[in-house]
Number of protein chains: 2
Amino acid sequence: MPGQRTTATDVAKAAGVSRATVSFVLNATPGQSISDAVRARVLAEASRLGYMPHPQARALASGQSNIVLMVLPEWPIEYVTRQLLDEATVELDEAGYSLVTMDPRRSRRATPLWESLRPDVVMSIDPLAPKVLESIERSGAVVIKHGPEMLPMYRVGPDLQVGHLLNLGHTSIAYAHTPIAAMRDLDQERMSRIRRGAEAAGAAFRSAEVSATNAQEVVRTWSRAGVTAVAAFNDDTAAWTIGGALRSGLRVPDDLAVLGHDDSPIAAMFVPAISTIHLDLAGLGRALAQQALAVARGGAQPDIGDPFSHARLIRRESA
Amino acid sequence: MPGQRTTATDVAKAAGVSRATVSFVLNATPGQSISDAVRARVLAEASRLGYMPHPQARALASGQSNIVLMVLPEWPIEYVTRQLLDEATVELDEAGYSLVTMDPRRSRRATPLWESLRPDVVMSIDPLAPKVLESIERSGAVVIKHGPEMLPMYRVGPDLQVGHLLNLGHTSIAYAHTPIAAMRDLDQERMSRIRRGAEAAGAAFRSAEVSATNAQEVVRTWSRAGVTAVAAFNDDTAAWTIGGALRSGLRVPDDLAVLGHDDSPIAAMFVPAISTIHLDLAGLGRALAQQALAVARGGAQPDIGDPFSHARLIRRESA
DNA sequence: CTGAAAGCGCTTACAG
DNA sequence: CTGAAAGCGCTTACAG
């Protein structure tokens, strides 16, 4: 069965031009002055024949795969990444690039996608481990590295959290650490922002890890120590904290105010509904896409700007 | 700068053999009897030089990309797919295939990954729309289609739900529909299983859509009508239902028992903790990987077996 | 048991 | 303004 897949040669033949011309027209290669008539003919034949360029052949010839690989964070945050990836996907698509995502935990047990896909650029939300960086670079991909420009991500939320609790008049504030080890760095950063904010205002501060199993105990200890407000690492940690309070007979927020972070679905569903911090992830998605494009085109990695200028407090019931 | 990337030619030169031999050794091509000495030399040089075969060149030459694309369901279920994808990734990796995932919502606004990646096989958990199927087939990929063998996914959970509520002695059961349109088909299937189970046992049955905004109203109506137990589409729907009950002054489960589905993180975190159905998604992941491999190797699509034989009720507080 | 050679479907200097 | 040709890095009959 000949003529299985439609190829550029088929289009060239049908349009009565050379394969090169087909390539020039379809890629809108700059510096080629092709007559409108020829261009139109090529385009018409390509669409009539249902021509789809073969991406692997293109990658081999051009040395570029036009793939951007996004390494997702270690922790589960579908609701956090959804918007971000939506925006980044569309932004990259318009420039002719495909965004592929990857779970770093899975890749630890399998060939990493940067080896088997050979993306031009690899990026991530969370900083990548040195070993991972090295492995990516050996594969030939450019890695987008996180510098201080990503710091707003770590700062804005906690600052809003502690500000809100202080505004509410609380003078003894606790921070609820996540028990999940993969989030340790982010967790430490958030804690120290809360601590700084509390201490700067003369409020008492303490912190402890809150998990599904110890929440009740931790909350009781805090309560006995006079803590009236908790800033949690995220909404899950907040939910556990509130659960511990309710099961200890404390009222939320009357006896203990609890403030989450991320505005994940659970925050709105919980009873009482969890007050939390909403970040502008669509904006971050666009910013990351712009960085990836600049780097893919051989440029320097541009500054990401301030993608969290639209972060805001969502006030619900818990604080 | 010459010798940038290590290529099969470099390995061949270093090992003193031809490029073909390198390919045979590295791919363990059957039907080639290569001496152990040569094989060892090739392997040693390949690893010494840090050789990574170029996947696009391989795909072009062999006609196979060794990529399997998984189209994720329309609805947000990170917790549901995590285990499934973990297992499928490892299973496919061992056979030399890479699993790439894709959000169908995003692809509606961008070039679909089956065009830009040219996977050998495309599969999904949810049935694919006819238009999508057609588009995938035009790209040359084989699609794994869902037949009746996927039905256990739709049946097992609801059957466990209704069985548990009947065992608890309830005689008036309601089903909480999800308000999310993308889940309509699955939702209808689950509802009809619950209805059938309830009616077969002589219990009263009714159903309504439960959302963040109408939960209180729906629960009050149900309560007035004598409903004492609710089987929910999933844990989110269960959470809204419980929220409506609590805010109406009803006790859960004493006045109203509520049973979720999926065993998502919210189920364990909620107060009261939500009883739910846990499915064996790791098993489904392995089964799907096996199907993909069979099809990628040119075989017929094998039966998926009964991946939900390990589904079970998780009894917590809400029912 | 091993190697020389064609070919996969593109891109891109280069020549005209 | 357009085309013939080399080359990207592999795989795979085929010949020896």
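Hydrogens, waters and symmetry mates play no part in the numbers below; they use all other heavy atoms, side chains included. Small disclaimer: the values here were computed from a predicted structure and weren't measured. In the text below, chain A, chain B and the rest are named by the order of the sequence lines, each starting its count at 1.
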Quickly work out the [X] [atom1] to [N] [atom2] distance and round it to whole Å.
X        : N      : atom1 : atom2 : answer
B:Gln64  : C:dG7  : CD    : P     : 21 Å
B:Arg58  : C:dG9  : CZ    : C1'   : 18 Å
A:Lys13  : C:dG9  : NZ    : P     : 12 Å
B:Gln56  : D:dG7  : CD    : P     : 21 Å
A:Asp120 : C:dT11 : CG    : P     : 14 Å
A:Asp10  : C:dC8  : CG    : P     : 12 Å
A:His54  : D:dC8  : NE2   : P     : 18 Å
B:Leu26  : C:dT2  : CG    : P     : 15 Å

If only side-chain N and O atoms of B:Ser18 are considered, is one of them under 4.0 Å from the OP1 or OP2 phosphate oxygen of C:dA4?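 Checking B:Ser18 against C:dA4: no side-chain N or O falls below 4.0 Å of OP1 or OP2.
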Tell me whether the OP1 or OP2 atom of C:dG9 has a side-chain N or O from A:Thr9 closer than 4.0 Å. no
Answer whether the closest heavy-atom distance between the side chains of A:Ile144 and A:Val121 falls below 4.5 Å.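 A side-chain contact under 4.5 Å exists here.
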Options [options], nucleotide nearest the side-chain atoms of [X]:
X       : options              : value
B:Phe24 : C:dC8, D:dC8, D:dA13 : D:dA13
A:Ala20 : C:dC8, D:dT12, D:dA5 : D:dA5
B:Ser35 : D:dT12, C:dT2, D:dT2 : C:dT2
A:Ser62 : C:dT2, C:dT12, D:dG7 : C:dT12
B:Thr21 : D:dT2, C:dT2, C:dG9  : C:dT2
B:Asn27 : D:dG3, D:dT11, C:dG9 : D:dT11

Any chance you could lay out the salt bridge (charged side-chain N to carboxylate O under 4.0 Å, His left out) test for B:Arg286 and B:Glu91, step after step, and finish with the verdict? CA-CA 7 Å; B:Arg286 279 189 295 273; B:Glu91 195 98 358; 5.3 Å; no
Quick one: do A:Arg106 and B:Asp93 satisfy salt bridge (charged side-chain N to carboxylate O under 4.0 Å, His left out)? Show the steps, please. CA-CA 10 Å; A:Arg106 278 199 279 284; B:Asp93 184 69; over 6 Å; no
Find which nucleotide of DNA chain C each of B:Ala61 and B:Ile34 is nearest to by heavy atoms, and output the residue with the more 5' nucleotide.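 Nearest nucleotide further toward 5': that of B:Ile34.
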Please report the closest heavy-atom contact between A:Ala294 and A:Ala300, naming both atoms and the distance.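 Smallest interatomic distance, heavy atoms only, reads CB-O, 3.9 Å.
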Which nucleotide, if any, forms a Watson-Crick or G-U wobble pair with C:dG3, using both distances under 3.5 Å?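 Per the H-bond distance test, D:dC14.
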Partner of B:Trp114 under side-chain hydrogen bond (donor to acceptor under 3.5 Å, both in side chains), chosen from B:Ser135, B:Ser139, B:Ser107: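 It is B:Ser135, the one option of B:Ser135, B:Ser139, B:Ser107 that forms the side-chain hydrogen bond (donor to acceptor under 3.5 Å, both in side chains) with B:Trp114.
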Mind checking A:Ala8 for me? I need base, sugar-phosphate or nothing, with any heavy atom below 4.0 Å counting as a touch.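 A:Ala8: backbone/sugar contact only, no base atoms under 4.0 Å.
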